[in-house]
Amino acid sequence: MNIGIGLSTEKDPISAAREATRLAGINIHSEKIDLAIVFSSIDLSCVGLLKTINVSLKGHVPIVGCSSAAIISNQGIFKHGLVVMLLSLTANVYFNIACVRDIKKKTALSAGRELGEKLLSGFRDIRRDLSVIFSDGLIDEGSNLIYGLQERLGKSFPLVGASASDNMRFLRTYLYFNEEVLTDSAVGILWGGKLNFGLGIQHGWKPLGKPRTITKSGGNIIYEIDGEPAVKIYEEYLARGLSELQKEIRRISILYPIGMYLAGEQEYLLRNILSIENNGSLRPQGNVIEGSTIRLMIGTKESCLNATRQALNGAKKILFAPIVEITKSEIKNFVFVFDSVSRYMLLRREANQELEIIKEGFGKDTPIIGLYTYGEQAPLKAISYQGQSYFHNQTIAVLNIGG
Amino acid sequence: MANLFTILSLAIAIVSLAIVLMLKINKMKKLQAIVDKLKKSLEEMDEQAKLIVRTDIELNKTHEELDKKITGLYALQRLSRIISTTMEESQIFKIIESTSFEDLGFEKAFALLWDAQENNFIPHLSIGYLHGEIEAIKPQVNSDRDIYLDLIKAGKTFSSISVPHNAALRERINHIFKVNSFVISPVLPKEGNKGFFFVGTENTDIAITEGDEELLTILSNQLGQALENARLFEKTWHAQQGLEKKVEERTRELTLVLEEVKKISKRKTDFISSVSHELRTPLTSIKGYASILIEEKLGHLPEAAKERLEKINRHSDELVHMVNELLDIARIESGRAVMKMEEQELKTVISNAADLILIQCKNKNIELITNIQKDIPRVLADRVQLERVFINLLGNAVKFTPENGKITIKAHTEDNVIQVDISDTGIGIPPESLSMLFEEFYRVDNPINQQVKGTGLGLSLVKHIIEAHKGKIWAESKTGKGSTFSFTLPINE
């Protein structure tokens, strides 16, 4: 596999697209380009951006990507910018891309199923290895999209995803699919053949206070905790009133999310709260399960960076190594970093430190491309092949792909 | 018996059960105490957790603010470094426009300056607004111009948090600029138009802090200072440009005038030259005929007639002399006279000229002193013309020096010229006449000149000769004490 990454911080989308694609083209050292992955800040999200990339690539290369609060690359973290990664795959690696639109109308569950079906088409006799999904970061039922996908791809099939983000305003996020800029949609890549990859996912938040139980919930709404209005957990710990919390919950829950304990899994699954209803119900991003034990979670910069170290160690362990023909030195790899915006908010100026840890972990020459997400999708316990993918908040997912 | 046994064993069982129950109760009590204790510590732990969260949230808030401040300071430092070195007003705004205030939590910015002539606020920069939005903001701000003018007058930064008493104004600003919170700071350059700088955000999560106000105040001050500098620079630059233009204009005017003067001067020279020529022919015949008559070739003449004829002859000579001098001047002026430049021994030239006035000096008992520097170099000059200079100057000296006076001829090298000074102890020249001394036909008004006739052309001719030799001539004098005429000649290298 040959990899070329190009970065641009030009303000104008057309010039940015030209520059980043040109640089990626220089770095790839290959005539044959199979796939382009594009992440950009929200100010560059426009059809012109993708059209220019497409034209620069002579119109034959499939493009997949999304918008982000900031882009991550070997050169740093940029609030305004564009990163283009070009891939030239070895003969025994296959992939298929697909997209699903109008998620709200179709419901997230059936949209997930549709995406799964589209991805599978043409993959009949080929071994499937991994699916990478980018979805609108503002859809309510992110978990259901994953369930739908899992119904088609298999419950324990490795699925790693990132929910697109905007400039932390939570107004609109965009998905890129060839020349289209989409909202209320999801795009995906299904890889197969003989692909090597490793995944690490971690959040670094620790439980605090006494365990509580979700006594009444439905879908992604928590009505009651320990028989009382759910908001009480925040009222009690933060000593703030309902109206104040309603205003600030998005930011507060980024620092203090709800941690849900799942039987059979080792880590707590984190949930950010999107809003609080007037009756005191909490509306988290992603599903919750009635009867599950929950804790209020707290994170520090140090615990955050420790999580990064753990995630990258996980990703360094390539899970499957069936490709015996390729000598190790010939294996080229790149790294996807799907990092939660909440971690970016907590780390702030130390966010670069996180990138340094990753760079150091993989070696300076390993291409890194990433984005800040409004949600991450990955197996909870990534080390295990059987791990089922969940919708996460607050995590860093490091996906190491080689071949 | 069997019954008794049954009763007894029953009693024993009851008793033992009671004992067991007692023990159980006791154990339960103990367990309950432990559970209570655990419960209590759990509650206590939870209370501690609450404290931790509350402290942590405060810490985070402080940290956030600190971060914002540091980022702000970085941005400020970067910005002020660039704008302080920018000397063009429009460039200053362009630089600010190209930076981002997003790190400070503001995605929108606007700067307006008051234009007194237009009676309007004019936008100079906008960040985060579309063209249509800018056009819409302008009239709205101007319809409230008095409010903003008052703010500029007050010279104080204010924001969403510092105008709590005027909620209506806050809402109006939010509405006009399409934000949820803002900071406005006046831009007050000492020179020229003042205005204000606005930053704002739509984000409801961002709360304006005093730190934001301070930061924007500093930025606005910097902006004001930069504008002031740029304006002063522009003013100075314009003034200099104006001055240069004026100098150029004046030079052009003077050149034109000089050309005109040259033309007139040439016309005058031509006129004198032609008139003199015209005069010389009839003069020659007058003189010729007078000579014939005096010599009595045409018959005897009475004494009285002879006397008159001699007067005619003498006056004709004077006239011829004057015409010749005029012609010489005209010739030198027009460049027609070619100087025969040859190396000359100054000493010889001086002694030749001195010989000519020696008799006159003796008659008036005037002492003639020559003081020539020993190693004086040779000069490149036209011998005849140079002698003319000496004869003229020495002649004047004798003429205006009373009996028993003294005339000194001094020659020495001075820098890279030879300077000759001819001093006398004569009547001197009044200061007002000194500047006109070398003009044609100018004669100093003094008793001697009233008695002795002269053309008023001598010194003018001398000046023309010296200038034709690339030298300079000037005179110094004290009335009653004497005069010194000095001229220079370039040293022949």
Side-chain angles (χ1 to χ4, degrees), chain A residues 9-12 41-43 69-70 77-81 166-171 205-212 226 232-240 244-257 295-301 303 341-342 344-351, chain B residues 35 38-75 94-108 127-130 178-181 200-207:
Chain A
T9 53
E10 288 279 333
K11 286 206 160 181
D12 160 56
S41 53
I42 195 98
D43 51 332
I77 297 164
F78 300 91
K79 273 191 178 174
H80 295 275
D166 62 3
N167 48 353
M168 314 286 265
R169 305 273 295 285
F170 304 95
L171 293 177
W205 261 254
K206 300 283 173 227
L208 188 80
K210 62 181 182 186
R212 291 154 194 263
D226 287 346
K232 220 169 165 200
I233 186 169
Y234 281 106
E235 284 177 342
E236 272 183 19
Y237 280 100
L238 274 73
R240 285 173 197 218
E244 202 183 339
L245 281 171
Q246 277 178 320
K247 234 193 275 176
E248 290 188 62
I249 192 64
R250 211 157 205 162
R251 294 170 72 78
I252 286 175
S253 79
I254 279 172
L255 294 170
Y256 315 102
R295 305 281 291 271
L296 191 75
M297 308 291 280
I298 190 166
T300 64
K301 289 186 181 183
S303 68
V341 286
S342 48
Y344 189 38
M345 279 175 71
L346 185 79
L347 287 173
R348 295 181 184 284
R349 279 141 37 82
E350 270 107 305
Chain B
V35 167
L38 274 174
K39 244 188 182 167
K40 203 180 161 209
S41 45
L42 189 67
E43 287 303 326
E44 273 172 6
M45 190 195 77
D46 205 41
E47 285 308 311
Q48 282 167 3
K50 285 172 193 171
L51 274 179
I52 291 170
V53 173
R54 285 168 206 172
T55 317
D56 192 62
I57 203 163
E58 281 308 313
L59 207 70
N60 264 312
K61 210 177 141 191
T62 318
H63 203 141
E64 193 176 326
E65 210 152 275
L66 201 69
D67 247 26
K68 211 166 140 185
K69 228 169 190 171
I70 293 170
T71 317
L73 284 173
Y74 269 124
K94 240 180 229 161
I95 287 166
I96 299 174
E97 215 158 27
S98 69
T99 55
S100 169
F101 289 90
E102 248 174 81
D103 285 344
L104 310 180
F106 302 106
E107 74 280 0
K108 295 190 172 185
I127 300 170
Y129 291 100
L130 301 171
K178 293 191 170 62
V179 291
N180 281 307
S181 42
T201 177
E202 269 183 87
N203 199 338
T204 43
D205 294 338
I206 292 176

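Chain letters run A, B, ... following the sequence lines, proteins first, then strands; residues in each count from 1.
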Chemist: Taking salt bridge (Lys or Arg N to Asp or Glu O under 4.0 Å) as the definition, give me every residue that meets it alongside A/Glu244, ordered by chain and number, with sequence neighbours left out.
Modeler: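 With sequence neighbours excluded, A/Glu244 shows a salt bridge (Lys or Arg N to Asp or Glu O under 4.0 Å) to A/Arg240, given in chain and number order.
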
Chemist: If I take atom CD1 from residue A/Ile254 and atom CG from residue B/Asn60, how far apart are they, to the nearest 0.5 angstrom?
Modeler: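 The CD1 atom of A/Ile254 sits 11.5 Å away from the CG atom of B/Asn60.
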
Chemist: List the residues meeting salt bridge (Lys or Arg N to Asp or Glu O under 4.0 Å) with B/Glu107, not counting sequence neighbours, and say none if there are none.
Modeler: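 Checked B/Glu107 against salt bridge (Lys or Arg N to Asp or Glu O under 4.0 Å); matches are A/Arg169.
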
Chemist: Rounded to the nearest 0.5 Å, what separation is found between the NZ atom of B/Lys50 and the CG atom of A/Leu208?
Modeler: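 Atom-to-atom, B/Lys50:NZ and A/Leu208:CG are 11.0 Å apart.
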
Chemist: What do the steps show when you test A/Tyr237 against B/Ile52 for side chain to side chain contact (heavy atoms under 4.5 Å, CB included), and what is the final call?
Modeler: CA-CA 9 Å; A/Tyr237 280 100; B/Ile52 291 170; over 6 Å; no

Chemist: Could you measure the distance from the CD atom of B/Glu44 to the NZ atom of A/Lys210? Nearest 0.5 Å is fine.
Modeler: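 Separation between the atoms: 12.0 Å.
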
Chemist: Which region of A/Ile298, side chain (C-beta onward) or backbone (N, CA, C, O), has a non-hydrogen atom less than 4.5 Å from a non-hydrogen atom of chain B, or is it both or neither?
Modeler: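 Side chain of A/Ile298 only, per the 4.5 Å heavy-atom cut-off to chain B.
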
Chemist: If I measure from the heavy atoms of chain A, does B/Glu43 come under 4.5 Å with its side chain, its backbone, both, or neither?
Modeler: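 Contact with chain A is through the side chain of B/Glu43 alone.
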
Chemist: Just so I understand: if I count every heavy-atom pair under 4.5 Å between each of B/Ile70, B/Asp56, B/Leu42 and chain A, which residue has the most?
Modeler: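 Among B/Ile70, B/Asp56, B/Leu42, the one with the most close pairs to chain A is B/Asp56.
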
Chemist: Need one label for A/Leu171: side chain, backbone, both or neither, based on atoms under 4.5 Å from any heavy atom in chain B.
Modeler: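 Interface part for A/Leu171: neither.
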
Chemist: Please identify, among B/Ile57, B/Leu59, B/Thr201, B/Thr71, the residue contributing the most non-hydrogen atom pairs under 4.5 Å to chain A.
Modeler: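 When all of B/Ile57, B/Leu59, B/Thr201, B/Thr71 are compared, B/Ile57 has the most.
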
Chemist: So how far is it from A/Leu255 CG to B/Lys61 NZ, rounded to the nearest 0.5 Å?
Modeler: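 These two atoms lie 12.5 Å from each other.
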
Chemist: Do A/Arg212 and B/Asp46 come within less than 4.5 Å of each other through their side chains, counting heavy atoms only?
Modeler: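 In contact.
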
